[in-house]
Chemist: 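Quick one: this structure, given as structure tokens, is what I'll be asking you about.
We count ligands from 1, going down the list as the structure has it; atoms in each ligand are counted the same way.
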Amino acid sequence: MTVVSVPSSAACALLRPMFEDVTVLVWDMQDDPPEGFERIEFMVPGHWPSENAHCWFTAMPELRVVQLLSAGVDHWIGHVPSGVTLCSARGVHGRATAELALAGLLAVLRDIPTYATQQRMGVWERHSGQGLDTKRILVIGAGDIGGRFASACELFGAETTLVARRPREGVRDITELATLVPDHEVVMLAVPMTASTVGLINAEFLAAMPDGSVLVNVARGPIVDTDALVAELFTRRLRAFLDVMDPEPLPANHPLWSAPNLLLTPHVGGFTGRHDPTGWHARAEDLVTAQLRRYLNGRELMNVVAIESGY
Ligand SMILES: NC(=O)c1ccc[n+]([C@@H]2O[C@H](COP(=O)([O-])OP(=O)(O)OC[C@H]3O[C@@H](n4cnc5c(N)ncnc54)[C@H](OP(=O)(O)O)[C@@H]3O)[C@@H](O)[C@H]2O)c1
């Protein structure tokens, strides 16, 4: 019997009838482990495991696969024992997250936050906004989210430049970044948080962005130097949409709460509801069942994280 753990009783009820030779335990890694956890071979932790949840790994000699429900794997790198395959949920949250990045960018360009304030005050006052047509957009990260975001922007006439770690046709090399930044009016971040991306958007990078340009971050907060961004926002030289920030949750009185030219959402990129057909649950369920089937049949797993590159 292969022992599998999933984070909710709903997921357990879904898997049980599908897999006869599998024992399914419920454990989200927030609470203490259930009886028999030492025999878990294939585990799906919850979204918010406790701070030191990975300490349990030392008592799990049978563990072979950790299948995450998030596309970001930064919390797990360095904690999953060697010999255990770490898999991301790449693809599960990409559409919703690219969509939110587009919504945030359009809201900033069309100044929707000002109109929302005016609406509450009963004020009918018009000023011109900006559109995507002919906007030059630099998309850093040419994977699931970056690719979808770029395609959507192009539909509205934007000119996109994609940048990634491994250059290829239609994708520029990250080493060209410094020369590309001044030519773009929007910079969108869709890279994983790794040793080479933390602090990538620093004061020097922000200073190279043209006046009035927009930074969109739906990737991870620490990729941007928060203090440097706050300084730029308070001069009103740059604008930004942030779904992720550093720190999270944003503490009361943090300068980002009152920064001008900023629209922020509390890390909800992939967070669409269970009963929403576009929601992430159905895709997560499909991914977990497909991966478990592959594992039981000795087939290659999808979304395997390359520990050395951090994603
Ligand atoms: N806001 C949210 O709720 C939310 C939801 C989902 C994901 N995310 C975040 O978004 C990130 C991206 O997700 P995804 O699904 O699009 O990932 P993905 O499909 O794996 O794409 C990642 C892209 O980043 C590029 N990259 C990696 N390291 C780089 C570096 N040092 N310099 C330049 N490019 C680099 C990769 O380059 P190559 O193509 O050369 O490999 C790839 O194009 C996730 O890691 C996660 O942290 C946030």
Chemist: Hey, are Ser50 and Gln30 close enough side-chain-wise for a donor-acceptor pair under 3.5 Å?
Modeler: no

Chemist: Between ligand 1 and His267, can you find any atom pair, the residue atom being a heavy atom, that is separated by under 4.0 Å?
Modeler: yes

Chemist: Nearest 0.5 Å please: distance from the CG atom of Leu68 over to the CE atom of Met43.
Modeler: 9.5 Å

Chemist: Would you say the side-chain atoms of Glu41 and Tyr295 include a donor-acceptor pair closer than 3.5 Å?
Modeler: yes

Chemist: Output yes when the distance from some N or O of ligand 1 to some N or O of Arg168 is under 3.5 Å, and no in every other case.
Modeler: yes

Chemist: Can you confirm whether the side chains of Ser70 and His93 place a donor and an acceptor under 3.5 Å from each other?
Modeler: no

Chemist: For ligand 1, is there an atom lying under 4.0 Å from some heavy atom of Gly94?
Modeler: no

Chemist: Polar-atom distance check: Thr194 versus ligand 1, any N or O pair below 3.5 Å?
Modeler: no

Chemist: Working note: His75 + Trp48, criterion ring-ring contact (aromatic ring centres under 6.0 Å, His included); need CA distance, chi angles, decisive distance, verdict.
Modeler: CA-CA 10 Å; His75 283 311; Trp48 313 111; 8.1 Å; no

Chemist: Quick test: of every protein heavy atom, which one is nearest to atom 12 (C) of ligand 1, and how far off is it to 0.1 Å?
Modeler: Ala190 O, 3.5 Å

Chemist: For the backbone of Gly131 and the side chain of Arg110, can you confirm whether one donor and one acceptor N or O come within less than 3.5 Å of each other?
Modeler: no

Chemist: Please identify which atoms of ligand 1 are closer than 4.0 Å to at least one heavy atom of Thr197.
Modeler: 30 (C), 31 (N)

Chemist: Given the side-chain rings of His79 and Trp56, with only the six-membered ring counted for Trp, is the space between their centroids under 6.0 Å?
Modeler: no

Chemist: Check ligand 1 against Gly72 and write out every atom of the ligand that is under 4.0 Å from a heavy-atom position of the residue.
Modeler: 45 (O), 46 (C), 47 (O)

Chemist: Nearest to atom 15 (O) of ligand 1, what protein heavy atom do you find, and at what distance?
Modeler: Asp144 CB, 3.6 Å

Chemist: Any salt bridge linking Asp211 with Arg237? Criterion: basic side-chain nitrogen under 4.0 Å from a carboxylate oxygen.
Modeler: yes

Chemist: Closest non-hydrogen protein atom to atom 5 (C) of ligand 1, residue and atom name please, with distance?
Modeler: Thr97 OG1, 3.2 Å

Chemist: Does a donor on one side chain sit under 3.5 Å from an acceptor on the other, for Gln130 and Arg239?
Modeler: yes

Chemist: Checking the N or O distance criterion of under 3.5 Å, is ligand 1 in contact with Ala142?
Modeler: yes

Chemist: Provide, to 0.1 Å, the distance between atom 34 (N) of ligand 1 and the closest protein heavy atom, together with that atom's residue and name.
Modeler: Arg165 N, 3.3 Å

Chemist: Note the single closest protein heavy atom to atom 36 (C) of ligand 1, along with its residue, its atom name and the distance in Å.
Modeler: Tyr311 OH, 3.6 Å

Chemist: I'd like to check whether Ser196 has a polar contact with ligand 1, where a contact means an N/O of the residue lying under 3.5 Å from an N/O of the ligand.
Modeler: yes

Chemist: I'd like to check whether Gly146 has a polar contact with ligand 1, where a contact means an N/O of the residue lying under 3.5 Å from an N/O of the ligand.
Modeler: no

Chemist: If you take the centroid of each ring, where Trp contributes its six-membered ring, are His127 and Tyr115 closer together than 6.0 Å?
Modeler: yes

Chemist: Does the side chain of Leu215 reach to within under 4.5 Å of the side chain of Met188, using non-hydrogen atoms?
Modeler: no

Chemist: In terms of atom number and element, which parts of ligand 1 are under 4.0 angstrom from non-hydrogen atoms of Ala71?
Modeler: 6 (C), 7 (C)

Chemist: For atom 9 (C) of ligand 1, what is the nearest protein heavy atom, given as residue, atom name and distance?
Modeler: Ala219 O, 3.5 Å

Chemist: Hey, which atoms in ligand 1 end up nearer than 4.0 Å to a heavy atom of Arg90?
Modeler: 15 (O), 18 (P), 19 (O), 20 (O)

Chemist: Within a distance under 4.0 Å of any heavy atom of Arg166, pick out the atoms of ligand 1 and give their elements.
Modeler: 38 (P), 40 (O), 41 (O)

Chemist: Decide, yes or no, whether a salt bridge links Arg220 with Asp74 under the criterion of side-chain N to carboxylate O below 4.0 Å.
Modeler: yes

Chemist: Quick one: nearest non-hydrogen protein atom to atom 7 (C) of ligand 1, plus distance?
Modeler: Ile145 CD1, 3.4 Å

Chemist: Can you confirm, on distance only, whether ligand 1 has an N/O atom lying under 3.5 Å from any N/O atom belonging to His93?
Modeler: no

Chemist: If you take the nearest heavy atom of each of Pro192, Gly91, Ser70, Ser309, which one is closest to atom 45 (O) of ligand 1?
Modeler: Pro192

Chemist: Do Thr194 and Val198 have side-chain heavy atoms sitting under 4.5 Å apart?
Modeler: no

Chemist: Look only at interatomic distance and state if Val218 has a nitrogen or oxygen under 3.5 Å from any nitrogen or oxygen of ligand 1.
Modeler: yes

Chemist: In terms of atom number and element, which parts of ligand 1 are under 4.0 angstrom from non-hydrogen atoms of Gly270?
Modeler: 3 (O)

Chemist: Suppose we measure from atom 35 (C) of ligand 1 to each protein heavy atom; which comes out shortest, and what is that distance?
Modeler: Val191 CG1, 3.5 Å

Chemist: For residues Val3 and Phe37, determine if any side-chain heavy atom of one lies less than 4.5 Å from a side-chain heavy atom of the other.
Modeler: no

